[in-house]
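Contents: one structure, followed by commentary.
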Protein chains: 2
Amino acid sequence: MADEIERKLLERVKEQEELVRKLKAAKANDVQIAEEVTKLSELKAQLGNKNEVSSKLILKTPKGTRDYGPEQMALRLAVLDKIITVFKRHGAETIDTPVFELKEVLTEKYGEDSKLIYDLKDQGGEILALRYDLTVPFARYLAMRKISSIKRYHIAKVYRRDNPSTTRGRYREFYQCDFDIAGQYDPMIPDAECIRVISEALQCLNVGPFTIKLNHRSLLDGIFTTCGVPNDKFHAVCSSIDKLDKNSWSEVKREIVEEKGLSESSADKIGTYVSQSGGIELIYELKKDNELMKHESAVNGLESIELLFKYCNIFQVTDKIIFDLSLARGLDYYTGIIFEAILTGDEVGVGSVAGGGRYDNLVGMFDSKKKSIPCVGLSLGVERIFNVLEMKLNHESVKTRTNEVEVFVATAQKNLYEERMKILTLLWDAGVKAEHSYKKNIKLLAQLHHCEESGIPLVIIIGEGELAKGEVTLRDVVSRVEVSIPRAHLIDEIRKRL
Amino acid sequence: MADEIERKLLERVKEQEELVRKLKAAKANDVQIAEEVTKLSELKAQLGNKNEVSSKLILKTPKGTRDYGPEQMALRLAVLDKIITVFKRHGAETIDTPVFELKEVLTEKYGEDSKLIYDLKDQGGEILALRYDLTVPFARYLAMRKISSIKRYHIAKVYRRDNPSTTRGRYREFYQCDFDIAGQYDPMIPDAECIRVISEALQCLNVGPFTIKLNHRSLLDGIFTTCGVPNDKFHAVCSSIDKLDKNSWSEVKREIVEEKGLSESSADKIGTYVSQSGGIELIYELKKDNELMKHESAVNGLESIELLFKYCNIFQVTDKIIFDLSLARGLDYYTGIIFEAILTGDEVGVGSVAGGGRYDNLVGMFDSKKKSIPCVGLSLGVERIFNVLEMKLNHESVKTRTNEVEVFVATAQKNLYEERMKILTLLWDAGVKAEHSYKKNIKLLAQLHHCEESGIPLVIIIGEGELAKGEVTLRDVVSRVEVSIPRAHLIDEIRKRL
């Protein structure tokens, strides 16, 4: 009989679910839908146990995303903290922007990558999309607020509907750590500081040896012109060249010829250029290339790189940089110097761990009078850095503390939990980080075991004896040494030991 | 002539845009779309100035969202830092989850509020939605990882397609600061700690006097039964009662009678209960209500509240709590104690600044075997707190520093920028937070003015004279006192002064 009622109810739930679905599909008005949803909830409530309805749910995070557990978060926060210290050392302020933007803000900023933008559903109202990076929202922010100079960092999540290899530390949702300098300044002075910032950040994170590759979009333009690439194909060829860190030259050449429609000879000529890399001597060599030097953009690009090398020398990062003609950077918005850092030690193959460049026209794309603000900035690939460090920690079997509890309040006998709570109140009032078991009665050994597991340094133990004498036992978890302390001196004694 | 070419190009751009749109609507394959998008970009590049296309862009953040500038971020980070200190004082670890979840994870967890969930567009693949709170993702996390006990905090943005009054500090994108205790423990011990955590947080944030309202879902159930509300209407009536903080009883009564279909007399009876609030004495009074005490859920609810009052007394927060029968909390998932903090000083009317409760069945909704994990937790309404503090600061005309620069490196003469860069390198290497002007030549007065504006405490001034002697001038920005220091002692002298 009860089953019969339940069966009928379940049937009505399903009918109602169907009705709600249809109303939503037909974009019925919100009030009507809400009413039917309420009816649905009521029917489900009658079913007694709401749980039964959703029993076939697959438990997972969306494709390309992941949760961070306490261990991962502890490591991640330590990494971000070090990065923020470097950003602040260079005088940066911080800002934040919404996770989504009007879709049109993002349109036409990323070139071929635009297809990877996550769109929000049109639920009536504005057409929105999740941010793809922090640079375009930053440019929108500058234009909207008419800010002509700022040095800011921004650490936040960005979203790309890519098909990433999560094992290599690439995700659809990932943090970017950006540092940018906006303003009309003298050539290469802010640019050189960006290189120095990358160098400081990677050094303090202990990710091992690294190299920062440098190139210049104007130089690439000059090379493309020299190689007979028509103007309107610069961006397309650039995004092919950008794949040279993952693909061989023959693959990239095939793409340039077959997909981008360049001649075989043009492609080969490009090949002779983009295979070159080196130090300051490569600049001098290219300056002797008369064909290349006929093009103003090539001359300008080379001079910029030469100046950057000079400033990098003052900033003592010369040993970290390499001039690499194959560096192209995929995104459309770069206009000047571009750079990318890769690890060169044991962790070769994790790909770029930092990148950036100059984008002098992006802000102007948002300004009604096309007034632009020159910008240069960098982005640290913190997810990859995080992966590298996690592997290192696993390798060294280092255990990371996930909480900061200083004192655990334990009881040796039953029913003393209210005494524990009194002592906790005392500790919290004094700002001491402290916890106890939420169980009234728990074995002392279990409490001590918890402290050892969690790395809590001190335990206060109270029993009937201690209570009678107005004392507590203070135990050092590592040494297991115990001392009796009058309750009145408790906070002082704890402070002495922390 | 040039105009004619441009007109034709513009026509082709529009045609191509139309083609891309159609391909996307028809869900053509990604490669084909990408090719046509590339063609589109190329056409646009031919147009010379890409900017012209997007000239009618409206510059704004999406409805109900906002940017945070450096001043707002400085205040916000200081607030979050204090909150995190409190959470850590109570031994919490932290976790993070993706900003979006599979849509079905969020379905049926929020009752009437579900219509406010932001859906992502179906771009092929999983059906996703932005998180509506941090509680449901937390429950999903526990069930997915089969975690049976954890004490965690989570500070992250959540999304509600509401029509919020942004002037009152309500937004569509806003931070939640959650602290939750999951695990099978003894009654009210973790619950009381949540009340204590709210109290510590609000005290340390200096938001003025506050009250934490308490109630219990079981008691509300008992009251509803007593007043003749059918079981299947509990949730619906609950969400009407929840509006009592904003609406009058007569408005709420009208909703209960006209929309939720209760009788006039039932509604009036509910009205006599929900108008009551007070301290421990109200518990004793309700215990004398024989009609109410016939219902087990009412008895259980009252006993729980009594126990909570006892523990709150030990935790010394009795003066902060009030037992309020009108407190209902809108969300479906609460099963036990519920609470909400409001400001009672000058800032009355900002609404709730913290809230939470017990939700013992939520994790079970995700578990295939319905195994549930009892949970209790709180959420700090940091956006409102932030608004209150911002108003206070504006009122007191306090200027917040937005960067942490300790030393500015200035030059008194032209063309000494490379010398500035050398000194900066020295400072950065020593971990000193330092900056200079990115302009080669800038008036000394402008440099000093910048330091005063930004609150930078020290300036190093170099001129030809100082350089010749191997010295620098160190100036205290506030006192304007200057001293000459040998370059070799520079770092030591700066450390002494910071």
Side-chain angles (χ1 to χ4, degrees), chain A residues 30 34 38 41-42 45-46 51 54 57 59 61-63 65 67-70 73 88-89 91 93-98 100 102 104 111-112 115 119-121 126 128 141 143-144 173 185-186 189-190 232 236 314-316 365-366 370 402-405 418 421-422 425 428 433 435 438-440, chain B residues 34 38 41-42 45-46 51 57 59 61-63 65 67-70 73 88-89 91 93-98 100 102 104 111-112 115 119-121 126 128 141 143-144 173 185-186 189-190 232 235-236 314-316 364-366 370 402-405 418 421-422 425 428 433 435 438-440:
Chain A
D30 278 3
T38 307
S41 321
E42 288 165 4
Q46 286 180 51
N51 309 356
S54 59
L57 187 71
L59 271 185
T61 60
K63 184 181 173 187
T65 70
D67 294 319
Y68 294 99
M73 280 306 284
K88 284 183 177 170
R89 192 183 300 145
E93 317 174 290
T94 189
I95 68 161
D96 196 17
T97 63
F100 42 65
L102 297 183
E104 57 183 345
E112 289 181 16
K115 62 180 184 293
D119 292 331
L120 267 75
K121 192 168 158 185
E126 298 164 332
L128 307 173
Y141 172 88
M144 193 173 130
E173 172 185 61
Y185 299 122
D186 279 304
I189 299 185
D232 61 355
I314 299 180
F315 283 159
Q316 300 188 351
M365 290 175 79
F366 292 109
K370 310 286 164 246
T402 57
N403 68 66
E404 298 180 6
V405 176
E418 291 190 14
M421 290 163 91
K422 283 179 197 163
T425 307
W428 292 331
K433 294 171 194 152
E435 66 173 8
Y438 297 121
K439 290 183 179 163
K440 283 184 179 180
Chain B
T38 307
S41 323
E42 288 165 4
Q46 285 180 53
N51 309 357
L57 187 69
L59 270 187
T61 60
K63 185 183 173 186
T65 69
D67 295 319
Y68 295 100
M73 280 305 284
K88 284 184 177 169
R89 192 182 301 146
E93 317 174 289
T94 190
I95 69 161
D96 195 18
T97 63
F100 43 64
L102 298 183
E104 55 182 347
E112 291 182 14
K115 62 181 184 291
D119 293 332
L120 268 76
K121 192 168 160 184
E126 297 163 333
L128 307 173
Y141 173 88
M144 192 172 131
E173 172 185 63
Y185 298 123
D186 280 303
I189 299 185
D232 59 354
H235 276 143
I314 299 179
F315 283 159
Q316 300 188 352
M365 292 175 79
F366 293 109
K370 311 288 165 240
T402 57
N403 69 65
E404 299 180 5
V405 175
E418 290 191 16
M421 290 164 91
K422 282 180 197 162
T425 308
W428 293 332
K433 294 170 194 152
E435 66 172 11
Y438 296 122
K439 290 183 177 162
K440 283 184 178 179

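Below, read A as the first sequence line, B as the second, and so on, with proteins coming before strands; counting in each chain starts at 1.
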Task: Under 4.5 Å from any heavy atom of chain B - which part of A:Ile314 - done: both
TODO: Go through the atoms of B:Glu173 and report whether side chain, backbone, both or neither lie under 4.5 Å from a heavy atom of chain A.
DONE: side chain
Open item on the list: Could you work out, with ring pair (Phe, Tyr, Trp, His ring centres under 6.0 Å) as the rule, every residue matching A:Tyr185, not counting sequence neighbours?
Closed with: B:Tyr438
- [ ] Quick one: which of B:Asn403, B:Thr97, B:Asp96 has the most heavy-atom pairs under 4.5 Å with chain A, could you say?
- [x] B:Asp96
Open item on the list: I'd like to check B:Met144 versus A:Asp67 (side-chain heavy atoms, cut-off strictly below 4.5 Å). Are they in contact?
Closed with: yes
Task: Residue list, ring pair (Phe, Tyr, Trp, His ring centres under 6.0 Å) with A:Phe100, at least two apart or on another chain - done: B:Tyr118, B:Tyr159
Open item on the list: Using a 4.5 angstrom heavy-atom cutoff, name the option from A:Arg89, A:Met73, A:Glu404 with the most pairs to chain B.
Closed with: A:Arg89
TODO: Let me know if A:Glu126 has heavy atoms under 4.5 Å from chain B in its side chain, its backbone, both or neither.
DONE: side chain
Task: Top contributor to chain B interface from A:Ile95, A:Leu102, A:Asp119 [non-hydrogen pairs under 4.5 Å] - done: A:Asp119
Open item on the list: If we define contacts as heavy-atom pairs under 4.5 Å, which of A:Thr61, A:Leu120, A:Leu128, A:Val405 has the most with chain B?
Closed with: A:Leu120
Open item on the list: Tell me which of these, B:Lys439, B:Lys433, B:Glu435, has more heavy-atom pairs under 4.5 Å with chain A than the rest.
Closed with: B:Lys433
Task: Proximal component of A:Ala143, with respect to chain B [non-hydrogen, under 4.5 Å] - done: both
- [ ] With rounding to the nearest 0.5 Å, note down the distance linking NZ in A:Lys422 to CD in B:Gln316.
- [x] 10.5 Å
TODO: Taking all heavy atoms of B:Phe315 and all of A:Thr425, pick out the closest pair and write down the distance.
DONE: CD2-OG1, 3.3 Å
Open item on the list: Just so I know, are the side chains of A:Ile189 and B:Lys440 near enough to count as touching, which here means a heavy-atom distance under 4.5 Å?
Closed with: yes
